[in-house]
Visitor: 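Take this structure first; my questions come after.
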Amino acid sequence: MNKNEMLQCIASILNYKIKNKQVVKECKNFKMDWDYFVKVASQHLVLPTVYCRLKARKLLHVLPLELEAYLREITRMNRSRNKALLQELQSIHILFISNGINYMLLKGMALLKGQYYNDIGERMIGDIDLLVHPENIKIANKLLIENGYHPINNDDSKSYFTHRHLPRLISDRYIGAVELHDKLLNGNNTLGLNPHTFLETKKFVDNVPIPSEQSLLQHNIMNFQINDNALVYGAFSLRSTYDTMLILEKEKSGTYLNINNLKHKITYSSYFYLMAKYFKGVNLHHKQKSLICLVLSHFFMYKMSLPKFNKFYIFCVNLIRYSLVFITRLKLFLVNKAYRKDLLSQEINFYTHFHNFFYKA
């Protein structure tokens with residue numbers, strides 16, 4: 001069973017449009033390798049999601065008993081963690097509202113608070129991501145530090161480069177790290193995702209601000225394609241595409257993205273083309289008919305079916321990206337006296353400075 005077949009099988013379990021009979025049939029036809037199933041689902045951060053979907057479908061009996069018990073426990077732990085994150089969020093919300101901070105939730109926490117999941121244990125969440133108005137972000141950061149949070153690392157090079165969020169904050173009192181964003185995407189181009197527009201169109205769930213349906217959908221796609229570099233790596237994410245499906249499914253009227261009116265429309269369309277390959281039956285009317293997107297999606301599918309070629313492709317992309325970063329930082333080293341002084345005097349931790357980029361890449 002190759003990776004494409006496994007991805008298809010897991011996507012069918014997650015897909016609301018696929019009937020139970022077909023899910024069972026695919027599991028049997030593919031002669032399921034359950035160890036590989038766990039590996040791929042874990043890589044895509046959907047182990048609790050798979051368990052919750054099988055439970056909702058009343059198909060837990062297709063799992064081996066030991067695996068069913070394992071996934072049940074993973075989901076229980078994730079549900080407990082998410083409850084703790086929601087409690088932490090409530091304390092942050094009270095702090096921000098009482099101090100007039102204009103903010104909103106992003107990503108997984110926005111979906112969780114927006115009740116897009118039937119079970120709060122379904123979605124694995126890393127950080128509490130908050131979009132804060134640029135005029136409020138320094139005050140918001142100060143408020144969190146005054147209330148027991150502290151930066152998770154001391155990479156002082158942040159001041160020399162443009163980042164979409166401040167250094168991550170953690171607290172001994174709470175389980176989740178917090179990232180305060182004043183931008184939605186890496187780089188200087190918003191690609192149509194304007195923070196001011198997001199904040200102006202936000203909606204409220206239990207008085208907590210989250211993005212509008214269209215903003216949530218756009219950011220979910222572009223965060224994966226641009227911030228996670230999926231577009232250049234030709235990557236596919238079950239978690240991201242499942243989130244997209246939930247947003248479309250919850251809004252029965254169909255949260256519609258007119259791709260022709262969006263900036264960087266190839267980025268959106270190539271995402272939907274790949275999603276359509278695995279999530280059969282989902283009405284992806286957002287796809288723009290484009291030869292480039294068609295070629296890209298076929299290339300990415302072909303690449304994933306050949307592990308050795310995929311590794312070589314990733315190596316080439318990494319080499320190009322690392323080279324560009326090295327050239328950019330070498331240029332800054334040569335022309336910026338303050339940066340050069342900080343780096344040479346070890347005011348900037350050289351290892352952390354470069355490791356942070358390479359690790360994320």
Side-chain angles (χ1 to χ4, degrees), residues 3 39-40 42-45 107 126-127 129 151-168 177 179 181-191 193 219 221-240 263-264 266-268 270-271 274 292-293 295-297 299-361:
K3 189 169 185 177
K39 179 180 179 181
V40 173
S42 181
Q43 288 173 345
H44 284 252
L45 303 173
K107 298 163 62 174
D127 304 325
D129 293 277
I152 202 168
N153 63 51
N154 296 313
D155 184 9
D156 296 324
S157 68
K158 299 280 185 186
S159 59
Y160 292 100
F161 303 97
T162 302
H163 296 267
R164 70 181 188 275
H165 60 78
L166 298 182
R168 184 180 301 158
E179 286 187 353
H181 298 245
D182 58 0
K183 294 173 60 183
L184 294 161
L185 299 176
N186 292 332
N188 296 318
N189 195 337
T190 64
L191 301 179
L193 270 64
H219 187 238
I221 295 169
M222 295 298 271
N223 179 67
F224 180 62
Q225 293 285 77
I226 303 300
N227 295 338
D228 295 339
N229 299 298
L231 185 64
V232 294
Y233 285 102
F236 172 77
S237 166
L238 285 167
R239 185 174 73 165
S240 175
K263 295 182 179 180
H264 224 55
I266 289 177
T267 307
Y268 286 99
S270 60
Y271 177 96
L274 268 182
I292 295 176
C293 294
V295 171
L296 277 176
S297 64
F299 171 71
F300 293 154
M301 292 286 290
Y302 173 77
K303 178 176 66 68
M304 283 192 287
S305 67
L306 299 172
K308 289 185 179 180
F309 176 72
N310 190 38
K311 285 183 180 180
F312 175 72
Y313 177 80
I314 291 173
F315 170 79
C316 292
V317 172
N318 281 339
L319 184 62
I320 294 170
R321 292 189 65 219
Y322 297 165
S323 298
L324 290 173
V325 169
F326 179 77
I327 291 169
T328 300
R329 297 192 177 185
L330 177 61
K331 181 180 178 180
L332 185 66
F333 180 83
L334 294 174
V335 302
N336 190 311
K337 184 177 180 181
Y339 175 71
R340 184 167 61 248
K341 180 181 178 182
D342 285 347
L343 198 62
L344 292 175
S345 64
Q346 295 185 344
E347 287 294 322
I348 296 174
N349 185 303
F350 186 84
Y351 173 77
T352 302
H353 183 38
F354 285 93
H355 176 267
N356 283 346
F357 172 79
F358 294 151
Y359 179 76
K360 290 178 182 178

Visitor: Report the distance from atom CG of Leu185 to atom CG of Asn223, rounding to the nearest 0.5 Å.
Guide: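 If we round to the nearest 0.5 Å, Leu185:CG and Asn223:CG are 7.5 Å apart.
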Visitor: Report the distance from atom NZ of Lys311 to atom SG of Cys316, rounding to the nearest 0.5 Å.
Guide: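 Lys311 atom NZ to Cys316 atom SG measures 14.5 Å (nearest 0.5 Å).
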Visitor: Could you give the distance from CG (Asp129) to CG (Leu184), rounded to the nearest 0.5 Å?
Guide: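 Result: 10.5 Å between the selected atoms.
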Visitor: State which residues pass side chain to side chain contact (heavy atoms under 4.5 Å, CB included) with Asn310; sequence neighbours excluded, sorted by chain then number.
Guide: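 Expected list: Lys303, Ile314.
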Visitor: Would you call Met222 and Thr267 a side-chain contact if the rule is heavy atoms closer than 4.5 Å?
Guide: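 Contact flag for Met222/Thr267 side chains = yes.
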Visitor: Examine distances only and state if a side-chain atom of Asn227 and a backbone atom of Asn186 form a donor-acceptor pair shorter than 3.5 Å.
Guide: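 Yes; judged by distance alone, with no hydrogens or angles, the pair exists.
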Visitor: How far apart are the closest heavy atoms of Tyr313 and Val232, and which atoms are they?
Guide: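 Closest approach of Tyr313 to Val232, heavy atoms only: OH-O, 2.7 Å.
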Visitor: Answer yes or no: is there a side-chain heavy-atom contact under 4.5 Å between His44 and Lys39?
Guide: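 His44 vs Lys39: side chains apart.
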Visitor: Measure the OG-CG distance between Ser240 and Asp228 for me, rounded to the nearest 0.5 Å.
Guide: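 Between Ser240 OG and Asp228 CG, I get 8.0 Å after rounding to 0.5 Å.
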Visitor: Which residues pass the ring pair (Phe, Tyr, Trp, His ring centres under 6.0 Å) test with Tyr302, sequence neighbours left out?
Guide: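 Scan of Tyr302 (ring pair (Phe, Tyr, Trp, His ring centres under 6.0 Å), adjacent residues dropped) gives none.
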Visitor: Out of curiosity, Leu238 CG to Gln43 CD, how far, rounded to the nearest 0.5 Å?
Guide: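 Reported value, rounded in 0.5 Å steps: 10.5 Å.
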Visitor: Is any side-chain heavy atom of His165 closer than 4.5 Å to a side-chain heavy atom of Lys183?
Guide: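 No - every pair of side-chain heavy atoms lies 4.5 Å or more apart.
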Visitor: Does the side chain of Phe224 come within less than 4.5 Å of Tyr271's, by heavy atoms?
Guide: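 Heavy-atom side-chain distance check passes, below 4.5 Å.
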Visitor: For Phe299, does the CZ atom have more than 12 heavy-atom neighbours from other residues, nucleotides or ligands under 6.0 Å away?
Guide: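 Above 12, so yes.
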Visitor: Search all heavy atoms of Leu231 against all heavy atoms of Ser270 and return the closest pair with its distance.
Guide: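 Shortest heavy-atom separation between Leu231 and Ser270 comes out as CD1-OG, 3.6 Å.
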Visitor: Indicate the atoms forming the closest heavy-atom contact of Asp127 with Arg168, along with that distance.
Guide: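 Answer, listing the atom of Asp127 first, then Arg168: OD2-NE, 3.3 Å.
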Visitor: Are Asn318 and Tyr233 close enough, and set up right, to give a side-chain hydrogen bond (donor to acceptor under 3.5 Å, both in side chains), and what steps lead you there?
Guide: CA-CA 9 Å; Asn318 281 339; Tyr233 285 102; 2.3 Å; yes
Visitor: Who pairs with Asp182 by salt bridge (Lys or Arg N to Asp or Glu O under 4.0 Å), at least two apart in sequence or on another chain?
Guide: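 Per chain and number, Asp182 pairs via salt bridge (Lys or Arg N to Asp or Glu O under 4.0 Å) with no residue.
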